[in-house]
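Inspection log for the structure reproduced underneath, given as structure tokens.
Chain letters run A, B, ... following the sequence lines, proteins first, then strands; residues in each count from 1.
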There are 2 protein chains.
Amino acid sequence: MSKRLRRLELLAAQLKQECLCTVKELAAQHGVSERTIARDLDLMREQGLPIDADRGRGGGVRLDRNWGVGRLNLAYHEAVDLLISIEVAERMNSPLFLANLGTVKRQLIASFSPEKRHRIERLKSRILIGVTASTQVQSGFSSPPETVVRHVHQGFIDQQRLAIRYRREDGAVSKREIEPHYLLLKYPVWYVIAMDGLRDAPRTFRCDRILESEMTDTSFRLLPKEAFDSVLAGNELLV
Amino acid sequence: MSKRLRRLELLAAQLKQECLCTVKELAAQHGVSERTIARDLDLMREQGLPIDADRGRGGGVRLDRNWGVGRLNLAYHEAVDLLISIEVAERMNSPLFLANLGTVKRQLIASFSPEKRHRIERLKSRILIGVTASTQVQSGFSSPPETVVRHVHQGFIDQQRLAIRYRREDGAVSKREIEPHYLLLKYPVWYVIAMDGLRDAPRTFRCDRILESEMTDTSFRLLPKEAFDSVLAGNELLV
DNA sequence: ACAAATATGCCATTTTATGTCACATATTAG
DNA sequence: CTAATATGTGACATAAAATGGCATATTTGT
């Protein structure tokens, strides 16, 4: 086999692309008999693909127009980004294009392994949504650097001490050691809430002003939420 | 067959859930010989699944940890919502969790049929992103009604005349006939830009104030963009 | 009425999948 | 170093599944 598997994949792709195919055409294209194509279609239907067939002259076979736009294969970090993006968008309550994303979210969550689900829950419990900011994202610094994103996916929050280069509002760049505890979105600006290693006090850093970040293996101190009350006040947790 | 297909699906799901399985366990669970599982794994590898194997004592088989967190099967309207949501989020430039969504977008677009791709392009060409609004979404009216969303997916823009019940700021509810041409997001509020059938002039309606909408089969007049210049000014198209 | 399309059943034949056994190779515990 | 567990691979007989061909029913447009 494996021949049949391949054919089934091809058939599905083909039916998605083209609107209406006759069994005869399909048989010729795949070099098998019409009977075989009929059986393949049966199998695909059995597996849940909504294949419509128009009988009679001028008829043919097609996939239900509103069905599965293919399958998305997501890597872990893609899935996390997608899930968090949807949840943030939901929280930000601009609902027109969110109506049908509930099922997407459910599918995403269901497909995580328990271990990953836990990791994501912890990440979410460290994300805060605040009021919309009056400031704009700095032009020229519109994206936080790659490294920040990578650190987020690697369990950035509550685990790793980071060495960063930070650009103050007046333009001066300084080096700092921080222990990040929370991410805060005051749309459109993301902040990192962290213990400043030098001053040993909670501080808030704009993600778009972090020029570089690097993990350091200095130990991380777990701190209770209360330690951050002063900077967290007035913001809501994502979960 | 179909037995093997099912087994392959189960195997993939299982390897995603559990970190490490021995071939012996898998064989026992599926009631086949170890040799068969080995062959199944070969086939899965051939199909592109990144299956790692640790040989030797304590070894086993697992899926690459960062690989496909399941497959998403999306219906058309889910895929559209997802795509538009991502693009809107990108345009709104709050980038922390958008870093890895480029590939998701590409997969989505690639999986649309040409016809659907065209439909989506047209929808996108009718979406405008404006400046962030100072107002909030009306509480109690936070979601536009189901019907508005449905109409969007059915080719709402530029095709259908709608009868709506609209709630003015002072609370008064009136009936109107509109021909919708554009959707405008002034975050967090969505607007419909339409020809008001009674006054025959362009007008802007807040989506969260549309209480009900219904298609009417009265003819729709295609109008050039210039007709809406007065209300479109200062807003940018999504595409 | 006729032609073109799907849908379904049956059976002989061909192809594929499976189990079994043997052996190679890699890793870890002791 | 050795024994114990793992995966990986090849060969071969056999069970199972896929295939093709044919007959037939059914739907639909001309």
Side-chain angles (χ1 to χ4, degrees), chain A residues 1-68 113 115, chain B residues 1-68 113 115:
Chain A
M1 101 111 152
S2 148
K3 215 190 286 180
R4 195 180 187 187
L5 255 181
R6 253 191 297 277
R7 197 177 57 231
L8 289 172
E9 296 265 340
L10 283 175
L11 272 174
Q14 207 167 345
L15 290 176
K16 248 173 276 165
Q17 289 293 321
E18 315 198 6
C19 261
L20 196 66
C21 316
T22 66
V23 172
K24 207 175 203 173
E25 286 165 13
L26 292 172
Q29 281 167 36
H30 290 89
V32 294
S33 71
E34 297 174 34
R35 187 70 188 80
T36 299
I37 294 290
R39 273 185 285 237
D40 286 347
L41 293 172
D42 278 350
L43 186 58
M44 288 162 77
R45 274 190 261 254
E46 204 175 87
Q47 302 232 326
L49 274 74
I51 296 173
D52 288 347
D54 293 353
R55 299 170 80 142
R57 198 171 203 168
V61 183
R62 80 168 88 82
L63 266 185
D64 180 74
R65 294 170 57 100
N66 288 320
W67 183 80
S113 67
E115 178 216 357
Chain B
M1 109 108 150
S2 151
K3 214 189 289 180
R4 193 179 189 188
L5 251 182
R6 254 191 295 279
R7 196 174 60 230
L8 289 172
E9 296 264 340
L10 284 175
L11 271 174
Q14 206 166 345
L15 290 176
K16 250 174 272 167
Q17 289 292 323
E18 316 197 6
C19 258
L20 198 65
C21 314
T22 66
V23 172
K24 208 176 203 171
E25 285 166 13
L26 293 172
Q29 282 167 35
H30 291 89
V32 294
S33 72
E34 298 173 34
R35 187 71 185 81
T36 299
I37 295 291
R39 275 185 283 237
D40 286 348
L41 292 174
D42 277 350
L43 187 57
M44 289 163 76
R45 274 189 260 253
E46 202 177 89
Q47 302 234 326
L49 274 73
I51 294 173
D52 288 347
D54 292 352
R55 300 169 80 137
R57 199 170 202 166
V61 184
R62 79 168 88 81
L63 265 185
D64 181 72
R65 295 171 55 101
N66 288 321
W67 185 79
S113 66
E115 179 215 358

[N] [atom2] sits how many Å from [X] [atom1], rounded?
X: A:D54; N: C:dA7; atom1: CG; atom2: C1'; value: 14 Å
X: A:I37; N: D:dG20; atom1: CD1; atom2: P; value: 9 Å
X: A:R45; N: C:dT6; atom1: CZ; atom2: P; value: 10 Å
X: A:L43; N: C:dA7; atom1: CG; atom2: C1'; value: 16 Å
X: A:D52; N: C:dA7; atom1: CG; atom2: C1'; value: 15 Å
X: B:L26; N: D:dT7; atom1: CG; atom2: C1'; value: 12 Å
X: B:D42; N: D:dT7; atom1: CG; atom2: P; value: 13 Å
X: A:L8; N: D:dA17; atom1: CG; atom2: C1'; value: 13 Å

Starting at [atom1] of [X], measure out to [atom2] of [Y] and round the result to the nearest 0.5 Å.
X: B:L11; Y: B:L41; atom1: CG; atom2: CG; result: 6.5 Å
X: B:E25; Y: B:E34; atom1: CD; atom2: CD; result: 10.5 Å
X: B:L10; Y: B:L5; atom1: CG; atom2: CG; result: 11.0 Å
X: B:T22; Y: B:D54; atom1: OG1; atom2: CG; result: 12.0 Å
X: A:M44; Y: A:I51; atom1: CE; atom2: CD1; result: 4.0 Å

Q: Compare the minimum distances between each of C:dT8, D:dT7, C:dT6 and the side chain of B:V61, then state the nucleotide with the smallest one.
A: D:dT7

Q) Is there a side-chain contact between B:R7 and B:T36, using heavy atoms and a 4.5 Å cut-off? A)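 Touching, per the 4.5 Å side-chain cut-off.
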
(Q) Using side-chain heavy atoms (C-beta onward) and a distance below 4.5 Å, is B:R4 in contact with B:L43? (A)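 When only atoms from C-beta onward are counted, B:L43 and B:R4 do touch, with a gap below 4.5 Å.
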
Close N or O pairs between protein and nucleotides 18-21 of chain C (under 3.5 Å):
from   : atom 1 : to    : atom 2 : distance (Å)
C:dT18 : OP1    : B:R7  : NH1    : 3.2
C:dT18 : OP1    : B:R7  : NH2    : 3.0
C:dT18 : OP2    : B:R4  : NE     : 3.4
C:dT18 : OP2    : B:R7  : NH2    : 3.2
C:dG19 : OP2    : B:S33 : N      : 2.8
C:dG19 : OP2    : B:S33 : OG     : 2.9
C:dG19 : OP2    : B:T36 : OG1    : 2.5
C:dG19 : N7     : B:R39 : NH2    : 2.7
C:dG19 : O6     : B:R39 : NH1    : 3.4

Table of protein N/O atoms under 3.5 Å from nucleotides 24-27 of chain D N/O atoms:
from   : atom 1 : to    : atom 2 : distance (Å)
D:dT26 : O2     : A:R55 : NH2    : 3.2
D:dT27 : O2     : A:G56 : N      : 3.2

